[in-house]
Amino acid sequence: MSKEVSEEGKTHHGKDYVDPPPAPLLDMGELKSWSFYRALIAEFIATLLFLYVTVATVIGHKKQTGPCDGVGLLGIAWAFGGMIFVLVYCTAGISGGHINPAVTFGLFLARKVSLVRALGYMIAQCLGAICGVGFVKAFMKTPYNTLGGGANTVADGYSKGTALGAEIIGTFVLVYTVFSATDPKRSARDSHIPVLAPLPIGFAVFMVHLATIPITGTGINPARSFGAAVIYNNEKAWDDQWIFWVGPFLGALAAAAYHQYILRASAIKALGSFRSNATN
Amino acid sequence: MEGKEEDVRVGANKFPERQPIGTSAQSDKDYKEPPPAPLFEPGELASWSFWRAGIAEFIATFLFLYITVLTVMGVKRSPNMCASVGIQGIAWAFGGMIFALVYCTAGISGGHINPAVTFGLFLARKLSLTRAVYYIVMQCLGAICGAGVVKGFQPKQYQALGGGANTIAHGYTKGSGLGAEIIGTFVLVYTVFSATDAKRNARDSHVPILAPLPIGFAVFLVHLATIPITGTGINPARSLGAAIIFNKDNAWDDHWVFWVGPFIGAALAALYHVIVIRAIPFKSRS
C-alpha cells in the first residue's frame with residue numbers, strides 16, 4: 001500500500017498532535033510584522049467593545065426605577081460572558097482573543113506568547129478599556145456619574161481578603177478554561193475543529209459573574225477594572241484597585257502552573273527527552 | 001470539485017472554487033479570497049435562487065418582527081415587570097430569533113435579516129448592488145408585515161403601548177442615541193464578518209457549524225446594553241416596520257437615527273474587517 005511506503009520515512013510516535021515550542025522571551029522580529037500590530041489593534045477594539053457593552057448594561061440596570069425594570073444581575077452576567085464569547089470568537093484567529101491582561105499573563109507564563117507581545121497586548125487592552133468606558137460616559141453622563149460608573153469595588157460586608165480570594169479563584173476558573181480550550185492535545189481529540197473553544201470561555205466568565213457580582217462586581221479582568229476606575233475616578237475605586245490586579249494575576253499564575261505542570265506534566269516530559277523511548 | 005455548482009453561500013458569496021484541488025498551481029493556502037462581486041449582474045435576475053433568497057429574507061424578517069414585537073407588547077401590557085419576561089427576555093427574543101433565523105436562512109440568502117448587514121456586506125463587495133437593494137426592500141416589507149400581524153392581534157393595546165417602535169428615551173440626547181446605534185451595529189456587523197470570513201472557514205476545517213450562534217449572541221448583548229437608550233434598533237427594517245404600523249409623530253421624529261446610525265456602524269465594521277483585519281487592498285494581486 002502506498003500509504004505504508006510514504007509513512008516509512010516518518011517517525012511514528014503515536015500522537016497526531018505536536019506541542020508548539022515555547023515562544024521566545026524576546027522576539028524583536030515580531031515588531032516588523034503587520035500581523036503583530038493587527039493583533040494589537042484587534043485586542044484594543046475587542047476590549048473597547050467589551051467594556052462599552054458591559055458597562056452600558058450595568059448602568060442601564062442600575063438606572064431602573066422599580067423591581068425587575070432592568071435586565072437584572074443575571075442579564076449583567078450574560079453581558080460579560082456573552083460578550084467574551086462573541087469577541088473571542090471574532091478575535092481568536094487574529095490575536096488569540098485574550099481581551100484580558102490576566103489571560104495574557106497566564107499564556108505568557110506558559111510560554112505561549114513572547115514578552116514583547118504580552119506587554120503590547122496588555123497596554124492595548126487597558127487603552128481599549130478606557131475608551132470603551134469613555135463611550136458609556138459620553139452617552140449616559142449623568143446616570144454614569146451617579147450610579148457608580150460600573151467600577152469594581154469591594155461591597156459592604158466583605159473584607160479585602162475575601163475579595164482578593166474571590167478574584168483569585170474566579171480568574172483561575174477563567175484562565176484554566178482558556179488553557180483547556182486551546183490545548184493542542186484536546187484539539188487533536190476534537191479532530192482539530194476548534195469551533196467550540198470560545199463558548200466554554202464565555203460560559204466560564206458568565207458563571208464566575210453569577211457567583212461574585214455581589215462581592216466585587218466581579219473584576220477577573222484587570223483592564224476592565226482599570227478602565228472603569230480611570231473614567232469614574234473615584235477614591236474608593238482606586239483604594240481597592242490593587243485587588244483587581246493582584247488577584248487576577250495570582251489566579252492566572254495558579255492556572256498556568258496547574259495546567260502546565262500537573263495536567264500536561266511538561267517538566268517531566270522535558271527530563272524524559274534524554275530517554276531513548278520515543279513513545280514517551 | 002471544479003464542476004460543482006455552488007450558488008449562494010453564507011454571506012452571499014457567489015463564486016465557487018475555480019482551482020481544482022491537487023493541481024500544481026495550488027497555493028499553500030487552503031482558502032481563496034472570493035473575487036469582488038460585480039456591481040451589476042443582470043444574469044442574477046434570471047435565476048430562481050436570486051428570487052428565492054429575497055423571499056427567504058422577507059419571511060425571516062417577518063418572523064423576526066412578529067416574535068420580537070409581540071414579546072415587547074407582552075412586557076409592556078404586563079401589570080409590573082416582575083410578571084413578564086422583562087427586559088432581559090426581550091433581549092433574548094431578539095438575539096435568539098436572529099440565531100434561529102440566520103441558521104435557517106444562511107444557506108439560502110446568507111441570512112442577513114438586517115439592511116445594515118446587507119449594506120456592510122455590499123461595501124465589502126460580497127454581493128451585487130441589485131441583490132443588496134432587493135434584500136433591503138424585502139427585509140423592510142417583511143418587517144412591516146410582521147409588525148402588522150402583531151397590531152392585528154391587539155389593535156388598541158398596540159397603539160396605547162408604543163407599538164414596539166424605537167424612540168430615544170428621556171434623559172438621552174439624539175447624539176447619544178446615534179452613538180449607541182453606531183457602536184451596536186458595529187458589534188453586530190463585525191461579528192457577521194468574522195463568522196463568514198473565508199480564512200476562518202479554512203481554519204475551522206470548513207465546518208461553519210456555529211456561525212449563527214455568535215451573531216445571535218451579539219444581537220442579544222447589544223440589546224442588553226442599549227434597550228434603555230433607544231429600545232435598540234441596530235436593524236433599520238425592524239425600526240421601520242414598527243414605525244410604519246405605529247405611525248405616531250414621536251416614532252418618526254427620531255427615525256433618522258435608526259438608519260444613519262446602523263449604516264455608519266456597518267460601514268465602519270466593513271472598513272475595519274477588510275482593511276485592518278484582512279488587509280485585502282494591500283495584498284498583491286496574484
Would you confirm whether [X], through its side chain, and [Y], through its main-chain N or O, come within 3.5 Å as a donor-acceptor pair?
{"X": "S78(B)", "Y": "G74(B)", "answer": "no"}
{"X": "E30(A)", "Y": "F36(A)", "answer": "no"}
{"X": "D254(B)", "Y": "T167(B)", "answer": "no"}
{"X": "Y37(A)", "Y": "L31(A)", "answer": "yes"}

Shorter than 4.5 Å, heavy atoms on both sides: which option in [options] has the most such pairs with chain B?
{"options": "L48(A), L87(A), V136(A), V86(A)", "answer": "V86(A)"}
{"options": "A39(A), P143(A), G60(A), C90(A)", "answer": "C90(A)"}
{"options": "Y52(A), W34(A), W78(A)", "answer": "W78(A)"}

Measure [X] against the heavy atoms of chain A and call it side chain, backbone, both or neither at under 4.5 Å.
{"X": "Y172(B)", "value": "side chain"}
{"X": "I229(B)", "value": "side chain"}
{"X": "T226(B)", "value": "side chain"}
{"X": "Y272(B)", "value": "side chain"}

| task | Determine, step by step, whether M83(A) and F217(B) satisfy the side chain to side chain contact (heavy atoms under 4.5 Å, CB included) criterion, reporting the C-alpha distance in whole Å, the side-chain angles of both residues, the deciding distance to 0.1 Å, and the verdict. | result | CA-CA 8 Å; M83(A) 208 57 192; F217(B) 254 97; over 6 Å; no
Most chain A-contacting option - heavy-atom pairs closer than 4.5 Å, from [options]:
{"options": "P228(B), G175(B), A91(B), A180(B)", "answer": "A180(B)"}
{"options": "V75(B), I87(B), L221(B)", "answer": "L221(B)"}
{"options": "S194(B), A218(B), G89(B), P214(B)", "answer": "P214(B)"}
{"options": "C82(B), A83(B), G177(B)", "answer": "C82(B)"}

How long is the gap from [atom1] on [X] to [atom2] on [Y], to the nearest 0.5 Å?
{"X": "I227(B)", "Y": "H61(A)", "atom1": "CD1", "atom2": "NE2", "result": "14.0 Å"}
{"X": "M73(B)", "Y": "T71(B)", "atom1": "CE", "atom2": "OG1", "result": "11.0 Å"}
{"X": "S176(B)", "Y": "M140(A)", "atom1": "OG", "atom2": "CE", "result": "8.0 Å"}
{"X": "F258(B)", "Y": "L178(B)", "atom1": "CZ", "atom2": "CG", "result": "9.5 Å"}
{"X": "F85(A)", "Y": "L199(A)", "atom1": "CZ", "atom2": "CG", "result": "5.0 Å"}
{"X": "I123(A)", "Y": "Q125(A)", "atom1": "CD1", "atom2": "CD", "result": "10.0 Å"}

| request: Could you pull out the closest heavy-atom pair between V71(A) and Q88(B), with the gap in Å? | output: O-NE2, 3.0 Å
| field | Contact listing (chain A partner; residues 181-191 of chain B; heavy atom under 4.5 Å) | value | I183(B), F186(B), V187(B), Y190(B), T191(B)
| field | Evaluation steps, side chain to side chain contact (heavy atoms under 4.5 Å, CB included), between D183(A) and F179(A) | value | CA-CA 6 Å; D183(A) 188 330; F179(A) 274 114; over 6 Å; no
| request: With a 4.5 Å heavy-atom cut-off (strictly below), which parts of residues 218-234 of chain A touch chain B? List them by number. | output: none
| said: Could you go through H273(B) and D197(B), starting from their C-alpha distance and side-chain angles, then the distance that decides it, and tell me whether this counts as side chain to side chain contact (heavy atoms under 4.5 Å, CB included)? | reply: CA-CA 9 Å; H273(B) 181 79; D197(B) 185 63; 3.2 Å; yes
| message | Is there a side chain to side chain contact (heavy atoms under 4.5 Å, CB included) between V133(A) and Y144(A)? Walk through the geometry before answering. | response | CA-CA 10 Å; V133(A) 184; Y144(A) 179 86; 3.1 Å; yes
Interface moiety of [X] toward chain B, non-hydrogen atoms closer than 4.5 Å:
{"X": "K141(A)", "value": "neither"}
{"X": "A138(A)", "value": "backbone"}
{"X": "L74(A)", "value": "both"}
{"X": "I41(A)", "value": "both"}

| query | Are side-chain N/O atoms of T57(A) and T54(A) paired as donor and acceptor at under 3.5 Å? | reply | no
| So, for F50(A) and F80(A), is the gap between ring centers shorter than 6.0 Å? | yes
